[in-house]
J.: 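The structure under discussion is supplied below as structure tokens; questions concerning it will follow.
In what follows, every heavy atom counts, from backbone to side chain, and hydrogens, waters and symmetry copies are set aside.
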Amino acid sequence: MRLPLRVVILGFAAGVLLSCGRNQTPNSVPARSPSLRLYVLASVAGAMEPCGCVSNMLGGIDHAAALVERGTREAPNSLVVAAGPIWFENPALEPKARTQHVWKAEVLAAGLAQLKLMAWAPAANDWAAGAPELERLSQRARANVLAGNLAGSSAGAIASRILERDGYRIGLAGISLPLRRGQPPSGVRIEGAGESLERSLAELRRKGAQILVALVAAPRGEALRLAEKVPGFHVMVVGKPYDEGESNDSATPPVLIGSTLVVQPENHLQAISVVDFFVQESGFKFLDGSNIQQEQQRLSLQQRIRELESRLDDWKRHPDSVNQRDVQARQKDLEQLREQLSKLSGPVIPSNESFFTYGHEPVRAELGSHSGIAAELRAYYRRVNQHNREAFKDHRPQPAGESESSYIGIEKCSSCHAEERKFWNTTAHFKAYATLANQDKQYNLDCVGCHVTGYEKPGGSTVTFVEALKDVQCESCHGPGSRHLGEPTNRKFIVSRPQRSLCAASCHYPPHVHDDWDVNQAWKGIIGPGHGG
């Protein structure tokens with residue numbers, strides 16, 4: 001779609017900060033608290049916390065809550081809203097994992113209640129367990145489902161609502177196009193989105209709403225067309241119509257369409273967008289206090305800084321895996337980028353007219369943890385562990401065929417490969433299973449597959465049958481070894497030199513690692529004396 005010239009789209013942005021909170025440009029916003037702060041989530045999609053083997057990962061409902069809790073102290077008049085799927089990772093639940101996923105959604109609901117989520121526009125994933133479950137989870141979160149264009153099994157969705165914060169009336173309206181492969185969830189009817197949004201806008205104005213926010217779960221192009229067709233909202237929050245899989249999206253830059261600010265933070269709670277409104281003499285016509293149209297250079301610098309910081313953080317954890325001259329060179333690059341960023345001038349704040357500022361806060365562990373939600377997470381993992389240990393106690397691996405090898409476990413491998421075993425004991429793979437067991441996650445269907453050997457493969461392991469195959473053992477890379485054990489000189493029965501790409505294909509892919517994770521650097525922590533070294 002070609003947009004008119006009045007549609008101003010920012011340049012490159014991912015995980016960056018724009019004049020917001022503790023990361024704001026100096027002197028970019030007045031010292032006083034905003035009249036209203038809007039915290040924006042998009043496409044949470046069942047992402048309760050990040051999963052992976054590197055530090056400083058993005059996400060986590062407990063860290064997001066800590067961010068909002070901290071921010072509320074500096075901006076007490078705040079509101080949390082969202083768009084896009086919340087409860088489930090996929091539009092359909094795997095039958096054997098249904099119980100676990102519903103329990104995870106319950107923890108998300110409890111966490112969002114503590115965040116004080118007010119409303120969101122739902123997406124296809126939210127119906128994955130059925131409309132009654134969607135309605136129950138919404139009630140648990142104490143949040144309204146806003147989707148004025150849905151009928152049928154809409155889980156009690158309403159078109160709009162008005163909230164008050166410190167005397168200001170905030171109007172929220174919702175639209176949802178929950179289509180996956182052209183089909184809505186069972187029993188859901190989708191009606192005209194534009195007409196519904198126009199009716200909601202008129203109704204909110206009639207009721208005296210002063211700050212107007214649209215929540216839209218739809219393909220981005222459709223959402224931008226809605227913003228153009230229905231002018232009058234101060235902010236439009238965009239979420240995906242459905243999400244699928246665990247992949248993390250890159251950041252989408254904010255967009256100004258006329259006087260409507262369109263925001264869409266990354267999925268899976270990687271970040272929260274923050275919009276601060278400052279009401280002054282001019283009333284409720286807000287100017288752009290972030291100078292959004294001129295922020296491309298700032299965004300690009302901040303993205304490059306973030307990437308370098310992530311890479312250096314990984315290198316610090318594995319100092320033997322990288323040339324120190326490379327570290328010094330990249331550290332120098334980082335210092336130069338930071339200097340360039342510091343020299344950029346900040347936006348010009350209107351003196352007497354009302355304005356907004358936009359910010360983008362990555363959700364990281366360094367933000368701290370909300371104690372109540374952290375307790376919910378621990379209880380969830382214990383509950384799932386106990387349930388799955390019993391529910392899958394009879395779930396055995398499929399036997400290997402007559403012409404296939406079975407997995408034999410590292411103890412049998414060690415009878416001939418003692419030196420390799422000695423080195424393996426020094427690697428992170430040696431304690432992969434213990435990292436789960438120490439957190440009550442060893443029976444968790446979301447976790448166990450990357451921490452054992454031969455998971456759900458013929459002659460391998462399952463969530464409960466893992467005794468000889470705990471950890472990431474020899475056969476994870478070299479293949480099942482029963483026939484090799486019987487005929488050790490027959491090379492066709494074993495993979496002598498595994499492809500490095502198998503690491504990324506099996507477990508070490510985003511979001512389990514940072515986007516710039518390098519298998520060639522990681523390989524140095526896998527090989528050693530007697531083992532490729």
Side-chain angles (χ1 to χ4, degrees), residues 1-10 38 40-43 81-85 119-124 144-152 154 157-162 169-180 182-184 188-242 252-265 273 275 277 283-288 292-293 354 356 358:
M1 177 188 73
R2 184 181 178 125
L3 295 174
L5 289 177
R6 69 176 181 274
V7 178
V8 182
I9 303 182
L10 285 185
L38 200 66
V40 176
L41 317 178
S43 305
V81 295
W120 95 100
N144 287 121
V145 181
L146 294 188
N149 66 314
L150 297 187
S154 64
I158 59 176
S160 62
R161 69 171 297 190
I162 288 182
R169 293 175 65 79
I170 302 101
L172 306 177
I175 292 295
S176 176
L177 299 176
L179 294 170
R180 175 177 175 263
Q183 296 298 317
V188 174
R189 298 196 310 277
I190 301 176
E191 300 174 351
E195 295 79 0
S196 175
L197 196 58
E198 286 177 339
R199 288 194 299 270
S200 294
L201 178 60
E203 180 68 7
L204 290 171
R205 283 174 168 166
R206 187 184 68 79
K207 292 181 177 179
Q210 298 160 314
I211 299 175
L212 297 158
V213 180
L215 310 177
V216 178
R220 184 167 178 81
E222 294 285 340
L224 295 177
R225 283 191 285 272
L226 276 174
E228 195 171 31
K229 180 179 179 180
V230 189
F233 286 96
H234 296 105
V235 176
M236 177 177 285
V237 176
V238 178
K240 298 161 77 171
Y242 74 93
T252 302
V255 174
L256 276 171
I257 299 183
S259 59
T260 300
L261 173 67
V262 180
V263 298
Q264 185 173 3
S273 292
V275 183
F277 292 97
F284 298 95
K285 182 179 180 180
F286 296 96
L287 299 180
D288 175 11
I292 282 178
Q293 298 180 48
S354 299
F356 71 84
Y358 169 82

J.: With side chains defined as the heavy atoms from C-beta onward, is the minimum distance between Q210 and H234 less than 4.5 Å?
T.: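 In short, these two side chains do not touch, never coming nearer than 4.5 Å.
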J.: Looking at side-chain heavy atoms only, is the closest gap between E222 and I175 below 4.5 Å?
T.: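 No; the side chains remain at least 4.5 Å from each other.
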J.: Where is the tightest heavy-atom contact between V235 and F277, given as atom of each residue plus distance?
T.: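 Looks like CG2-CZ, 3.5 Å.
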J.: Could you tell me whether the side chain of S354 and the main chain of F284 form a donor-acceptor pair under 3.5 Å?
T.: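 Checked: no pair found.
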J.: Can you give me the closest heavy-atom contact between P178 and L150, atom names plus distance?
T.: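 Taking every non-hydrogen atom into account, CD-CD2, 4.0 Å.
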J.: Between E203 and K207, is there a salt bridge with N-O shorter than 4.0 Å?
T.: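 Salt bridge present between K207 and E203.
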J.: Which atom names give the shortest non-hydrogen contact between V262 and A227, and what distance separates them?
T.: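 Scanning both residues completely, I find the closest heavy atoms to be CG2-CB, 4.1 Å.
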J.: Could you walk me through whether F356 and D288 pass the side chain to side chain contact (heavy atoms under 4.5 Å, CB included) check?
T.: CA-CA 6 Å; F356 71 84; D288 175 11; 3.7 Å; yes
J.: When rounded to the nearest 0.5 angstrom, what is the spacing between CZ in F286 and OG in S259?
T.: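 Spacing of CZ (F286) from OG (S259) equals 10.5 Å.
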J.: Nearest 0.5 Å please: distance from the OG atom of S43 over to the CD atom of Q264.
T.: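 That separation rounds to 6.5 Å.
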J.: Hey, what do you get for OG (S176) to CD1 (I190), rounding to the nearest 0.5 Å?
T.: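 So the gap between those two atoms works out to 6.5 Å.
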J.: Quick check against the 3.5 Å criterion: does S200 have a side-chain atom that pairs as donor or acceptor with the backbone of S196?
T.: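 Yes, the answer is positive, given that a donor and an acceptor are paired below the 3.5 Å cut-off.
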J.: Could you go step by step and tell me if L146 and I158 meet the side chain to side chain contact (heavy atoms under 4.5 Å, CB included) rule?
T.: CA-CA 5 Å; L146 294 188; I158 59 176; 3.3 Å; yes
J.: Can you confirm whether V216 sits close enough to V237 that some side-chain heavy atom of one is under 4.5 Å from a side-chain heavy atom of the other?
T.: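 When only atoms from C-beta onward are counted, V237 and V216 do not touch, as no gap falls below 4.5 Å.
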J.: Thinking salt bridges, do E228 and R225 make one under a 4.0 Å N-O criterion?
T.: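 Not counted as a salt bridge, because no side-chain N and carboxylate O are separated by less than 4.0 Å.
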J.: What distance do L38 atom CG and L261 atom CG have between them, rounded to the nearest 0.5 Å?
T.: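 Answer for the CG-CG pair, L38 versus L261, is 9.5 Å.
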J.: Measuring from N149:CG to L197:CG, what's the distance to the nearest 0.5 Å?
T.: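 So the CG of N149 and the CG of L197 are separated by 9.0 Å.
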J.: Side-chain contact test, heavy atoms from C-beta onward, threshold under 4.5 Å: evaluate it for L172 versus I162 and give yes or no.
T.: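 A side-chain contact under 4.5 Å is absent here.
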J.: Any side-chain to backbone donor/acceptor pair from T260 onto F233? Under 3.5 Å, distance only.
T.: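 Yes, the answer is positive, given that a donor and an acceptor are paired below the 3.5 Å cut-off.
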J.: Using every non-hydrogen atom in the two residues, find where L215 and A82 come nearest and quote the distance to one decimal.
T.: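 It is CD1-O, 3.7 Å.
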J.: Kindly give the heavy-atom pair with the smallest separation between V238 and A42, and that separation in Å.
T.: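 For V238 and A42, the tightest heavy-atom pair comes out as O-CB, 3.6 Å.
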J.: Any chance you could lay out the side chain to side chain contact (heavy atoms under 4.5 Å, CB included) test for V81 and W120, step after step, and finish with the verdict?
T.: CA-CA 6 Å; V81 295; W120 95 100; over 6 Å; no
J.: Can you see which heavy atom on A217 is nearest to which on A121, and at what distance?
T.: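 Scanning both residues, the minimum pair turns out to be CB-O, 3.6 Å.
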